[in-house]
Each structure stands twice: as structure tokens, then as C-alpha cells.
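Heavy atoms only: backbone and side chains are in, while hydrogens, waters and symmetry mates are out. Every chain is numbered from 1, with letters handed out A, B, ... down the list of sequences.
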Protein chains: 2
Amino acid sequence: MATSTVENYLKHMLLLSEGGEELVSMGALAEALAVVPGTVTTMVKALADSGHVEHRPRQGVRLTPAGRRVALNVLRKHRLVECFLVNVLKMDWAAVDTEAEQLEHAISDEVLDRLDALLGHPETDPHGDPIPSRQGKLDSQVYATLATCVVEKPLRIIRITDQSAEFLLFVEQNGLLPGESVRVTERNLASGLVTAKKTAGRPLALSLAAAGKILIQPAR
Amino acid sequence: MATSTVENYLKHMLLLSEGGEELVSMGALAEALAVVPGTVTTMVKALADSGHVEHRPRQGVRLTPAGRRVALNVLRKHRLVECFLVNVLKMDWAAVDTEAEQLEHAISDEVLDRLDALLGHPETDPHGDPIPSRQGKLDSQVYATLATCVVEKPLRIIRITDQSAEFLLFVEQNGLLPGESVRVTERNLASGLVTAKKTAGRPLALSLAAAGKILIQPAR
DNA sequence: CTCCTTACTTTGATTAGTCAAAATAAACGT
DNA sequence: ACGTTTATTTTGACTAATCAAAGTAAGGAG
């Protein structure tokens with residue numbers, strides 16, 4: 001059985017490789033796991049021995065199919081737990097990531113399945129992040145963002161790709177939740193500012209960095 | 001923050017002291033935690049340093065008020081999680097103890113409170129074990145058992161005090177669930193056999209040891 | 001091509017939790 | 001009171017995960 005430390009390493013590799021093909025750098029992994037780089041090197045070598053990853057010294061690391069399977073299962077637990085916490089326990093959007101971080105390592109596959117059924121087999125969590133299927137399929141569609149979309153076109157918000165409580169709180173307070181309709185009225189590369197406007201709302205200014213974390217689609 | 005190992009030590013001390021006054025022997029703790037006695041000695045000394053227990057060398061160990069507080073909180077989590085798994089996720093009676101064993105260390109107090117509300121503030125878990133209140137009150141009423149009760153008196157089953165899957169399965173298959181009505185038709189100390197009978201059922205034989213794990217009250 | 005920066009790896013030490021086995025103390029029977 | 005049994009404690013060693021700091025490689029800048 002993988003320890004919860006191992007599960008975390010694998011999960012973060014999956015998240016950092018956005019789909020699983022590219023090499024993940026040791027530095028990025030260390031950053032994501034809040035650990036010094038030397039620790040990552042040590043751990044990655046152990047994970048290579050157990051067949052979960054392929055380690056290219058001085059270049060990076062990549063999940064093997066076995067490692068990817070474990071990572072997807074953990075991610076599925078994480079996101080389904082988030083759904084449960086928000087939809088059933090009515091918890092706060094911004095707080096559930098931290099909670100799920102613990103629970104993802106404690107719930108069994110049996111509980112996972114029943115939770116999935118209870119929630120009606122959702123396809124995304126409350127932030128719009130796709131939930132891997134039982135079979136390990138993960139929607140890896142690449143969306144445009146408020147930082148990259150066409151100006152003045154009507155858009156629908158699909159997903160928020162920053163789980164920090166502050167950012168989620170900001171998003172919530174300005175009604176930029178997944179499902180909402182918006183359009184970008186202005187984008188200025190020089191000042192790094194994007195102005196967005198909800199159908200019936202006042203214009204809202206945000207940085208390019210922030211805008212890039214809000215994924216969108218052309219409205220229906 | 002107490003690690004989940006520490007939480008387990010404290011929880012088992014609480015369970016073994018049936019209320020919290022008597023000294024718990026190191027051996028009993030080692031047995032309950034599936035660890036060798038030497039490990040318990042080491043750990044108990046650390047717990048004494050952190051003020052969670054009082055250690056009487058060569059005699060045993062006892063929870064301090066601080067330790068008891070932690071233990072009750074863990075037990076509350078364990079039992080509320082069991083309620084959730086059985087009542088909401090419709091999981092099997094006999095399997096939930098193992099699941100809860102993991103989850104009790106992963107859920108926050110926030111989630112605990114919401115779970116408690118969702119379940120309607122239950123007073124006992126599905127096995128009839130009392131759930132400690134938020135304030136740390138634990139019903140420590142001493143019940144009679146099928147091994148100690150008066151013969152032929154109508155009884156109500158209150159609680160099953162053995163969480164092993166086999167025993168729970170046996171209990172379930174013979175309809176001896178908490179809430180059910182029974183009476184003891186015969187008890188033979190010599191052969192160590194107890195015969196119980198549900199109001200509308202065939203007589204069932206069980207050992208004194210097994211009968212002692214089924215707590216009862218006089219029928220309403 | 002050489003030096004420098006930066007990322008990565010190595011090394012040695014630390015902490016939590018554990019076991020095996022030897023040492024000790026208390027309790028017990030005769 | 002003496003030796004034996006049994007529970008407990010000690011000791012030394014091990015694993016997983018970590019950090020600090022020293023060492024090494026690879027890719028630019030000049």
C-alpha cells in the first residue's frame with residue numbers, strides 16, 4: 001500500500017504534468033510539496049525503484065502507467081470529497097481543498113464508489129476541476145482563460161485553477177463561479193490589466209495572472 | 001497537533017479504562033494497538049511528557065484530563081463516521097469500524113460538526129456505542145448483558161461491544177441488532193451456554209463470552 | 001573556451017514509530 | 001525466604017521522511 005506521502009508525490013506529479021506526458025522538474029515538485037529539493041531526489045529514486053515513476057537524472061521525472069493509476073485514484077478521491085463537502089455538508093468553497101487534502105488518503109475505494117453514487121457521478125468538483133473516472137480517464141481539454149480569450153465575446157466560466165482560499169474567496173465575492181456568464185471588455189498587455197463584466201454587473205479589473213486562472217468557453 | 005498514532009494510543013486508553021478512572025496495563029494497550037510492550041512503554045513516556053497521561057511505572061497508565069479530551073474527540077469522530085457510513089452511504093454494519101479507523105484521524109472538527117448536524121445529532125452509533133458529546137460527555141451507564149440478565153424477563157438489545165466483522169455478522173444474521181426484543185430462556189453456567197429467543201423466533205444458543213458482548217435493558 | 005549561475009544530487013544528521021531481545025522488578029507458590 | 005514466572009522497561013537497531021549544507025553537472029554569457 002502506498003503511504004500518504006507517496007500518494008502526495010504522485011498526485012502532484014500528475015497535476016504538474018497537466019495530463020502526464022512531459023517531464024516534471026524536481027524543483028517544481030519540491031515547491032509543490034513544500035519540501036527541499038534534496039528530499040524530492042531521494043523520494044523519487046525510491047519511487048523509481050517501486051515502478052511508479054521514471055527518473056531521468058538532472059532532467060526530471062515522469063509517471064509510469066502504474067504511478068499514473070495511483071495518482072488518478074487519489075485525485076478522484078480528492079475531488080469527489082470536495083463535492084461532498086460543498087454539496088452535502090454545505091461547506092465553504094474556499095476551505096474544502098485543505099480538508100480534502102487529508103481525506104483523500106483516508107477513504108477507501110469502497111467509500112469512494114458510494115460517495116460517487118450519492119453525489120450522482122459528478123464530472124467536475126465545485127471549482128470546475130474534472131474528476132477522473134473510475135477507469136482512470138481524465139478530461140484534459142485545454143480551455144481558454146480570461147487572459148487569452150477574445151474581447152467582447154460572451155463567455156461561460158468553466159473552471160478555477162487556483163485552490164488557494166484567498167483567490168477562491170475573491171472569485172466568489174465577485175460572482176465569477178463556474179457556470180456564470182461574463183465577457184472581457186478590455187485587455188491591456190502593457191498595464192497587465194483585464195477588465196471583465198458580468199451580464200448584469202459592474203466592470204471588474206483583475207491582473208493577467210489572476211485572469212489566467214479562470215478558464216472559460218464561448219457561451220453555450 | 002497530535003499525530004494519528006498518538007490519537008490511537010489515547011483512544012484505546014479511553015476504551016480500555018471504560019470511563020477513565022482505572023489504570024490501564026501496558027500489556028493490554030500493547031495488545032489493543034497490535035504493538036510489542038516495549039513500544040508502548042516508550043510511547044507512554046512521551047505522552048506523559050506532553051501531559052496527556054500519567055504514567056505509574058510497572059503499574060499502568062491513566063489519561064489526564066487533557067488526554068481524555070483528545071481521546072473523546074477521536075472517539076466522537078469514529079462513531080459519528082460510523083453513523084454516516086451506515087445511515088447515509090448504506091455501508092455494511094460489519095465493515096464500518098475498519099473504515100472509521102482511518103477517517104477518525106482525517107476529519108476536522110468543522111467537518112465533524114456538520115456531519116453531526118446532518119445525522120441529526122445521534123446519541124449512539126450503529127452498534128449502540130454511545131457517541132461522546134461535543135462537550136466531552138460520554139454516557140458510561142453500565143448495562144446488563146445476555147450473560148448476566150434475569151432469565152425469562154423480556155429485554156431490549158442496547159449495544160454490541162465487539163466490533164469484529166465476524167461477530168457483527170453473526171449478530172446481524174441472527175437478528176440481535178440494537179433495538180430488537182429478546183429474552184433469555186436458559187443459562188447454564190456449567191456448559192457455558194446461553195439460550196436466547198426473539199419474540200417470534202427460534203431459540204438461539206451462544207456462549208457466555210458471546211452473550212456478554214450483547215448489552216441489554218429490561219424491555220420498555 | 002572558460003567561468004558562472006542555477007538546478008540537481010549527495011551526504012550526514014534528525015525525528016517518529018517500531019521491533020527483538022536482554023535486563024529488571026514485582027508477585028507468587030511452596 | 002527462595003526461586004520461578006510474568007509484566008514491564010531498557011537497549012540497540014531499523015525504516016520512512018525529512019533538512020542543511022556541501023558537491024556536481026549542464027547551460028548560458030562573455
Side-chain angles (χ1 to χ4, degrees), chain A residues 1-17 22-64 66-67 70-71 74 101-102 104-106, chain B residues 1-17 22-64 66-67 70-71 74 101-102 104-106:
Chain A
M1 231 16 70
T3 66
S4 69
T5 308
V6 165
E7 290 188 343
N8 271 330
Y9 274 82
L10 298 175
K11 181 186 73 171
H12 278 109
M13 282 181 217
L14 179 64
L15 292 174
L16 288 172
S17 67
E22 317 80 9
L23 285 175
V24 175
S25 79
M26 307 304 265
L29 208 45
E31 165 87 34
L33 290 158
V35 156
V36 302
T39 303
V40 173
T41 301
T42 312
M43 192 66 198
V44 160
K45 283 204 285 188
L47 290 173
D49 285 348
S50 62
H52 288 104
V53 307
E54 179 193 341
H55 183 202
R56 297 280 184 76
R58 306 243 165 219
Q59 293 181 70
V61 68
R62 190 200 325 262
L63 289 170
T64 62
V70 175
V74 176
E101 211 66 45
Q102 300 305 311
E104 68 190 5
H105 309 296
Chain B
M1 228 19 69
T3 67
S4 69
T5 307
V6 165
E7 290 188 343
N8 270 330
Y9 273 81
L10 298 176
K11 181 186 72 171
H12 278 110
M13 281 181 220
L14 179 64
L15 291 174
L16 288 171
S17 66
E22 317 80 9
L23 286 175
V24 175
S25 80
M26 308 305 263
L29 250 185
E31 165 88 34
L33 290 158
V35 157
V36 302
T39 303
V40 173
T41 301
T42 312
M43 192 66 200
V44 159
K45 283 203 288 191
L47 289 173
D49 285 349
S50 62
H52 289 105
V53 307
E54 179 195 341
H55 182 203
R56 296 280 183 78
R58 306 254 164 209
Q59 293 181 69
V61 67
R62 191 198 327 260
L63 290 170
T64 62
V70 175
V74 176
E101 211 64 45
Q102 301 303 310
E104 68 190 6
H105 311 296

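B:His52 NE2 to B:Met13 CE: the interatomic distance, rounded to the nearest 0.5 Å, is 10.0 Å.
Among the atoms of the strands shown, only primed sugar atoms or phosphate atoms (P, OP1, OP2) are found under 4.0 Å from some heavy atom of A:Val35. Residue contacts for B:Gly27: at a heavy-atom cut-off of 4.0 Å it reaches the sugar-phosphate backbone alone, with no base atom in range.
Rounded to whole Å, atom P of D:dT9 lies 13 Å from atom CG of B:Leu47. Residue B:Arg58 contributes atom CZ, which lies 14 Å from atom C1' of D:dT5 at whole-angstrom precision. When rounded to the nearest whole Å, the span between NZ of B:Lys45 and P of C:dT18 equals 16 Å. Between A:Glu31 atom CD and C:dT6 atom P the separation is 16 Å, expressed in whole Å. Between the P atom of C:dG17 and the CG atom of B:Leu29 lies a distance of 15 Å, rounded to the nearest Å. One atom, CG of A:Asn8, and another, C1' of D:dA17, lie 13 Å apart when rounded to the nearest Å. When rounded to the nearest whole Å, the span between CG of A:Leu23 and P of C:dC8 equals 11 Å. Between the P atom of C:dG17 and the CG atom of B:Leu33 lies a distance of 12 Å, rounded to the nearest Å.
Each of A:Val6 and B:Thr42 was matched to the nucleotide of DNA chain D holding its nearest heavy atom; the match closer to the 5' end belongs to B:Thr42.
Distances shown here put a side-chain N or O of A:Thr5 below 4.0 Å from the OP1 or OP2 atom of D:dA17.
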